[in-house]
*Asks:* 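Mind looking over this structure? Questions follow.
Reckoned from all heavy atoms, side chains included, excluding hydrogens, waters and symmetry mates. All values reported here derive from a predicted model rather than from experimental measurement. Here is how names work: the chains are called A, B, and so on, in the same order as the sequence lines, proteins then strands, and each is numbered from 1.
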Amino acid sequence: MTEPSKLPHRGVPEHQPAAGGIAARARAAAGPQYLNGLNPEQREAVETLDGPVLVLAGAGTGKTRVLTTRIAHILSQGRARPHEILSVTFTNKAAREMKLRLGQMLGQAVEGMPWLGTFHSIGGRILRFHAELVQLKSNFTVLDVDDQVRLLKQLLQAENIDDKRWPARMLAGLIDGWKNRGLTPSQVPAGEAAMFGNGKGGKLYATYQERLKILNAADFGDLLLENIRLFRENPDVLRQYQGRFKFILVDEYQDTNVAQYLWLRLLSQAPARPGLPLSAIIPGRIEDANPESPDSGSALSAHPGMTETTAAPSSSPPKNICCVGDDDQSIYGWRGAEVDNILRFEHDFPGAKVIRLERNYRSTGHILAAASHLIAHNEGRLGKTLRTEDVDGEKVTVTGSWDSEEEARAIGEEIEELQRAGDNLNEVAILVRASFQMREFEDRFVTLGLPYRVIGGPRFYERAEIRDALAYLRVINSPADDLAFERIVNVPKRGLGDATVQLLHDHARKRRMPLFEAARAVVETDELKPKARGSLRELILQFDRWRAQREVTAHTELAEIVLDESGYTEMWQKDRSADAAGRLDNLKELVRSMEEFENLQGFLEHISLVMDRDGGAEEEAVSLMTLHSAKGLEFDNVFLPGWEEGLFPSQRTLDEQGRAGLEEERRLAHVGLTRARRRAKLYFATNRRIHGTWSTTIPSRFLDELPSANVEITESKGGSGWGGSGGYGPSRFDNVESFGSSYTTPGWQRAQANRNRSQGGRGGQARGGFEESQSSFSGGFSRNKRGPMVIEGELVAKSTGTVSEFSLDDRVFHQKFGYGHVVKIDGNKLTIAFEKAGEKKVVDSFVERV
DNA sequence: ATCCCGCTCGTTTTT
DNA sequence: CGAGCGGGAT
């Protein structure tokens, strides 16, 4: 996402724009001008147009540049017209950036790239064209998580399920997970479907889908899943798109989930020969998952269950699909991304050309070496060696502090120092593992008067006031949108509470009509108290009036009228709380943003997909964000606090995902380091507050995994220093036995203290200690295992395939949680009801049968 | 319908 | 330790 062109100080001569004159003309002779300044690998990635291509683009290697140049190349070679190129990204931001850059490259000629966008927006677009084939109307509403949860709550109530024990949120998560894996209600494995709500999970999913159709709505997952269903059930429609897209480009391929993968597979298939059953095109993967698959043990061989049914591609000419990604930056496994997709690309697309971009244009030598060395500890990767021609620069620093407060103080001081030295605060970022770490920095920066901005947080369209305003517009646009109606029926307060809404629901259900129509009917009766009846009638009249006005009034103006007449604006004007003013601003911003759209319908169609938090006027400030939201960004100075066991890597990830989780955390560390151009500064604190109580923490194992030649151990500048021992002490190796054990318990700490005392003499330089700790770590990991561990199998398997050695109801022991019994098995993940700790998900290698 | 108290539970986040 | 939620009281 970030490019060498932004780095004048890096001095990369061949990346200077062609300056005209003889040299430029000479270069032009070697090829089109847009190819100038590409290195040989980049150029190969741009020019290899035929057949499947995987571009493994390491951090800072010019990924976006390759993607956009490739599109320019396709167009200028006349290989396809703009509307024949499908180009997908994950975020709107990435799509926008690509459009922008293409525009710069081609000179405003991108108007006709209708198929450049996010997976979801393109999926939604296709779905609207064929809505009737998936039981929707083309103006269907896209629901967000809030709507989903509210709908599911209703379903849970109808089923008489205790939503305390089985929260709607959890079901929403499950359904989302199923959709991510491309599973329709009938395809959900019986065991999984049964695990929610006393066996009713699958049924609820099915009912939910039915309700969505009635509401003329789709959730985010549907934008892809329903698209897949559309293609599967209507081969002619699929063929139409297969024929249309001459070239497919995919950004951030390592982040694709199974549904996205299936969708790409369908589209990238050459038109099926007559008579070829569609099922041959659709990979079995999850649906056909065969846990006994002999393949499931090896990282690169196959998805478990991805068996011979996948053989179809070899019989068709290879499609021109180009996926760009970096397996070392895959950090979204927890929300359904399948690293396997990228690891198995060559297998999925036979004859694929794999091109590695390994020249980094971003970071200095020390930073790059540290990052490379760290990530080399991962097993499940395709392997790249980043190199730079830049200077070594400053070493990566590691600083210990007594506690998190001191950590914040130390970082604050260093930033002030940078500021004094003339660094721009926009080039300073603090990247944390978890957002709760941010507060301490905010406190500190407020005290110092250091300007900062928090990146991330709730999105614009997720804010209550925006969602309320949208709900009004949704009801105007689509009277059947019950979820929207319910949201605003008593906002602002109109005396229409639960009792009234319940009555409307009863009516609506009996007469099979939307809530709004039910309301219209109910006000004609005397079922409501006069007061409620009056205000409901008033509300209906208002909506009727607004709908009529819609015909004659611009949509932006209509929105203002609605917000005004409904009393919604007034509600916030009267609100005395601190954020009320900000909310009013947001409403204004919403109306302003509507101007870009032609009408209300168009606005609503895109709003839920496209609306980003707004950039805002950028004055110089330090950026504060999570490691996840830092992906794709770069800064001269990067501060990385909180490198402690339990926090980073996160204990929870380790508990739930085991080795695969550790590797994902390590990739996160790698992402963090590679954000830095000139300075990367790591920190760990000895004491940190966790859930309100202070705990002693241990430096992250990732610190041990850094090459000492590129790292400088410094002392905390503020306060008491770290343990008074002057730099790194023996506890650097303390993590050896911490993995999978409860190192936060007093007993463990006591044992640890003893151990340190007896081994105290060992504390020397970092080198050597690393390998030692690493091997002990591995030993520690498999401590509970019977026999050698199949690392690849576990890494890849995640939730599918690996056969667990445990059976339901087995009595087991876990180092941290004690005794319990197995209640669910999901590959190598077990759900265990612990006698003391309650129900937990753990990886099987952490428990032993007793 | 609203308010207040007490309980629970603590990553990461896009669309 | 504190935010957020749900239940019960008013």
*Asks:* With A:R439, which residues qualify under salt bridge (charged side-chain N to carboxylate O under 4.0 Å, His left out), at least two apart?
*Replies:* none
*Asks:* Please determine, for the side chain of A:T653, which listed nucleotide (C:dG6, B:dT12, B:dT11) has the closest atom?
*Replies:* B:dT11
*Asks:* Is the closest basic N to carboxylate O distance between A:R335 and A:D255 below 4.0 Å?
*Replies:* no
*Asks:* Sequence neighbours left out, what passes salt bridge (charged side-chain N to carboxylate O under 4.0 Å, His left out) with A:D328? Give chain and number order.
*Replies:* A:R381, A:K384
*Asks:* Measure CD/A:Q657 against C1'/B:dT11 and give the value in whole Å, please.
*Replies:* 12 Å
*Asks:* Are A:F702 and A:H377 close enough that their ring centers fall under 6.0 Å?
*Replies:* no
*Asks:* What is the distance, rounded to the nearest whole Å, between atom CZ of A:F119 and atom C1' of B:dT15?
*Replies:* 12 Å
*Asks:* What does nucleotides 1-10 of chain B look like as a protein-contact string, B for base, S for sugar-phosphate only, - for none, at under 4.0 angstrom between heavy atoms?
*Replies:* SS-------B
*Asks:* Rounded to the nearest angstrom, tell me the gap between atom CG in A:D251 and atom C1' in B:dT15.
*Replies:* 15 Å
*Asks:* When all nucleic acid strands are considered with a 4.0 Å heavy-atom cut-off, which category describes A:R689: base, sugar-phosphate, or nothing?
*Replies:* sugar-phosphate
*Asks:* For A:T626, report the nucleic acid contact type (base, sugar-phosphate, nothing); a contact means any heavy atom under 4.0 Å.
*Replies:* sugar-phosphate
*Asks:* Which whole-number value in Å describes the distance from A:R439 CZ to C:dC1 P?
*Replies:* 13 Å
*Asks:* Taking the C1' atom of each, how far is B:dT13 from C:dG2, in whole Å?
*Replies:* 23 Å
*Asks:* Measure up the A:W643 and A:F648 rings against each other and bin them: parallel (under 30°), tilted (30 to 60°), perpendicular (over 60°).
*Replies:* perpendicular
*Asks:* Base, sugar-phosphate or nothing for A:S435? Non-hydrogen atoms, less than 4.0 Å.
*Replies:* sugar-phosphate
*Asks:* Separation of A:R96 atom CZ from B:dT15 atom C1', in whole Å?
*Replies:* 13 Å
*Asks:* Relative to the 5' end of DNA chain B, which residue comes earlier, A:G221 or A:E665, by the nucleotide with the nearest heavy atom?
*Replies:* A:E665
*Asks:* Measure the distance from CG on A:D144 to P on B:dT13 and round it to the nearest whole Å.
*Replies:* 17 Å
*Asks:* Tell me every residue that passes ring pair (Phe, Tyr, Trp, His ring centres under 6.0 Å) with A:F119, counting only those two or more places apart in sequence or in another chain.
*Replies:* A:F90, A:W263
*Asks:* Would you mind telling me which of B:dT13, B:dT11, B:dT15 lies closest to the side-chain atoms of A:H120?
*Replies:* B:dT15
*Asks:* Looking at A:R229, A:K213, A:K179, which hits salt bridge (charged side-chain N to carboxylate O under 4.0 Å, His left out) with A:D222?
*Replies:* A:K179
*Asks:* Using whole Å, what does the distance between atom P of nucleotide C:dC5 and atom CG of A:D146 come to?
*Replies:* 10 Å
*Asks:* Salt bridge check, A:D144 against A:R150: does any charged N sit closer than 4.0 Å to a carboxylate O?
*Replies:* no
*Asks:* Just the rounded figure in Å: distance from C1' of B:dT12 to CH2 of A:W334.
*Replies:* 4 Å
*Asks:* If the condition is ring pair (Phe, Tyr, Trp, His ring centres under 6.0 Å), which residues does A:Y208 pass it with, not counting sequence neighbours?
*Replies:* none
*Asks:* Among C:dA3, B:dT15, B:dT11, which nucleotide has an atom closest to any side-chain atom of A:A434?
*Replies:* B:dT11
*Asks:* Can you list, by residue number, the residues of residues 527-537 of chain A that have a non-hydrogen atom closer than 4.0 angstrom to DNA chain B?
*Replies:* none
*Asks:* Rounded to whole angstrom, note down the C1' distance from B:dT12 over to C:dC5.
*Replies:* 23 Å
*Asks:* Choose from B:dT15, C:dG6, B:dT11 the nucleotide whose nearest atom is closest to any side-chain atom of A:R433.
*Replies:* B:dT11
*Asks:* Fit a plane to each ring of A:F129 and A:W115, take the angle between them on a 0 to 90° scale, and name the class: parallel (under 30°), tilted (30 to 60°) or perpendicular (over 60°).
*Replies:* tilted
*Asks:* Hey, is A:F436 doing a stacking thing with B:dT11, by the 5.5 Å centroid and 30° angle criteria?
*Replies:* no
